[in-house]
Amino acid sequence: MYKNLKHFLNDSKENKLSLHEAVIKEECLSTDKTRDFVLKRAKKSLDAMLNSLEKGNTLDINLPIKEVIEQSQLMMKSPTFLSKDLKEAVYWAMSIVEYSNGMGIICAAPTAGSSGVFPAVLFKAQQMLDKTEEDVMNAFLVGSMVGAIIGNNATLSGSEGGCQAEVGVASAMAASTITYLAGGTPSQVEQSVALSLKNLLGLICDPVAGLVISPCIKRNAIGVMNAFLAAEMALSGVTSIIPADEVIEAMMKVGLALPSNLKETGTGGIADTPTGRRIKKEIFGKK
Amino acid sequence: MKYDSIFDVVGHIMVGPSSSHTAGACRIGYIANILLGEIPVKARISLHGSFAETYRGHKTDIALIGGLLGFPPEDERIPDSFNIADKKGMQYSFTEIDLGSDYHPNSVLLELESKNEKLSIIGCSIGGGNIVIKEINGLEAGFDGDSPTIIEIHKDVRGMVANITSAIAMHGLQIIEMHLSRNIRKGIALSWIECSAPISDELIETIRDIPEMINVRCLNV
Ligand code: SF4
């Protein structure tokens, strides 16, 4: 498994492999599996993501926090500021997490709470750029490797690092994926990671009543927009002064420094507001 | 390195909304179903810690029943588990329990009955959909259910482990991890053995035939 992004990029360069081919090679090496297995396994995850996206659009979901019911549906109205595509991508991401809350089957990326960002961005970009399934697969592999690298050098859990580790990482994975899908260079892929992660650095995890609903569902929306933004910037040649690997390290340090009431305990941030506390009482009563 | 595969990050296909409170709970039930060998006729489910506090919001209860029905965490039928359990004639009840601070906050005690057997299990959901089966019938366990595992209870007499491990070697399997816990007062011991490849029925039969063996179960994942 690659130590960091530099290692990933250098290895692909030295071996004259495209980024996605480098991912396949590395995955086979570190898990002792065949290329065929890796591609089939990736297809399984992609299928689960697509399935959650399609079902998320249709299912009637009864959420325990009544205030959030049908919020994603509102994003289907015609846009005022965003393009129709971006608005729809946000709608997709929110509806996947709503679907997950209705006990739908999702593919964590990297977690259940942040599972809307990566598929929504990837499949929307595929539609916008008219890319093939094979292109999507290749991009998926690159974004997944970015996720694994961040996980190994920082964390992917809200309880360890706050929401920067969940929605933040999902957004960085999504940004790198579509930068690659759009034909970006390896260095642009790296820039998209640095740019997206920096924007969400310090994001806390503060789920109301401890449930993966609020702020989670709507926080997936910023994950989507931030991914498109970072990819657009990277593809335009904008660079981050701080290299991506250093941003990842910084994220871990910030995560460690966050107090525990801002790390998934549901006792800080918006969870600890009068409304947040009232909702918790309504759901769990006596407690 | 925490993750040596990209599928540790994008490979967990599971029921929402929470990997620890829903998918992990389902998996504990699912493993209990495999260990029992069938859908229980009766299930008494006692929720501990955070499971007890938040199970309604996270649908931990539905997920546990789904698991006990034999549904893995990616099964689409999970939301309908209560109805399916009713149709299959499975009786279940939920209570809250305080197992004490030695147990992970997301723990559950399952007391199960099939037609001929009783089985009690304490399982913990330790995050990201991963779990540990901590106790079986009051004896300490500690396996995660990620590899094929043999779980057996035997009379606490000399030479048992040697007999078991040589049976495994004879069937061409390699032991990845092994653990033994003894209850000296009851004079019994439990061991679990993780193997490198799926466990055959023949191997289970061989182990079952070892004198002083009380119970052998197998988890092929
Ligand atoms: S707020 Fe916490 S639980 Fe919700 S998505 Fe972010 S990290 Fe996950």
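All values reported here derive from a predicted model rather than from experimental measurement. Here is the naming used below: chain letters follow the sequence lines, and residue numbers restart at 1 for every chain.
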ask   = Under 3.5 Å, is there a donor-acceptor pair between the side chain of A/Ser30 and the main chain of B/Asp4?
value = yes

query = Within the side chain of B/Lys2, is there an N or O that forms a donor-acceptor pair under 3.5 Å with the backbone of A/Ala154?
reply = yes

Side-chain donor or acceptor of A/Glu27 paired with backbone N/O of B/Ile6 under 3.5 Å = yes

ask   = A/Asn101 side chain to B/Pro17 main-chain N or O, any donor-acceptor pair under 3.5 Å?
value = no

request  = Against chain B, label A/Lys33 side chain, backbone, both or neither, depending on which of its atoms sit under 4.5 Å from a heavy atom there.
outcome  = neither

key: Minimal non-hydrogen separation, A/Gly102 against B/Pro79, with atom names   = O-CG, 4.5 Å

ask   = Is chain B contacted by the side chain of A/Asn51, its backbone, both, or neither, given a heavy-atom distance below 4.5 Å?
value = side chain

key: Structural part of A/Phe140 lying under 4.5 Å from a heavy atom of chain B   = side chain

request  = Give the C-alpha distance, both sets of side-chain angles, the deciding distance and a yes or no for side chain to side chain contact (heavy atoms under 4.5 Å, CB included) between A/Met173 and B/Val10.
outcome  = CA-CA 10 Å; A/Met173 289 166 62; B/Val10 291; 3.5 Å; yes

task = Please step through side chain to side chain contact (heavy atoms under 4.5 Å, CB included) for the pair A/Met103 and B/His58, ending with a clear verdict.
result = CA-CA 9 Å; A/Met103 297 196 89; B/His58 282 124; over 6 Å; no

task = Kindly check if the number of other-residue, nucleotide or ligand heavy atoms within 6.0 Å of CZ (B/Arg44) is above 12?
result = no

remark   = Correct closest heavy-atom pair for A/Ile105 and B/Pro73 would be CD1-O, 3.8 Å

key: Contact winner vs chain B - A/Asn153, A/Ile106, A/Leu156, A/Ile65, heavy-atom pairs under 4.5 Å   = A/Ile106

query = Which atom pair, heavy atoms only, marks the closest approach of A/Pro64 to B/Gly57?
reply = CG-O, 4.1 Å

Option from A/Ile150, A/Asn152, A/Ile149 for which side chain to side chain contact (heavy atoms under 4.5 Å, CB included) with B/Tyr3 holds = A/Asn152

message = Which heavy atom of B/Ser18 sits nearest to which heavy atom of A/Val212, and what is that distance?
response = CB-CG2, 4.2 Å

request  = Pick one of side chain, backbone, both or neither for A/Thr155, based on which atoms fall under 4.5 Å of a heavy atom in chain B.
outcome  = both

query = Checking B/Arg56 side chain against A/Phe284 main chain: does a donor-acceptor pair fall under 3.5 Å?
reply = no

query = In terms of heavy-atom pairs under 4.5 Å, which option from A/Val38, A/Val146, A/Leu211 contacts chain B the most?
reply = A/Leu211

ask   = For chain B, which of A/Ser159, A/Gly147, A/Gly151 has the most heavy-atom pairs under 4.5 Å?
value = A/Gly151

Electrostatic pair A/Lys44:B/Glu74 at N-O distance under 4.0 angstrom = no

B/Thr22 versus chain A, the contacting section by heavy-atom distance below 4.5 Å = side chain

Side chain / backbone / both / neither for B/Ala63 at chain A, heavy atoms under 4.5 Å = both

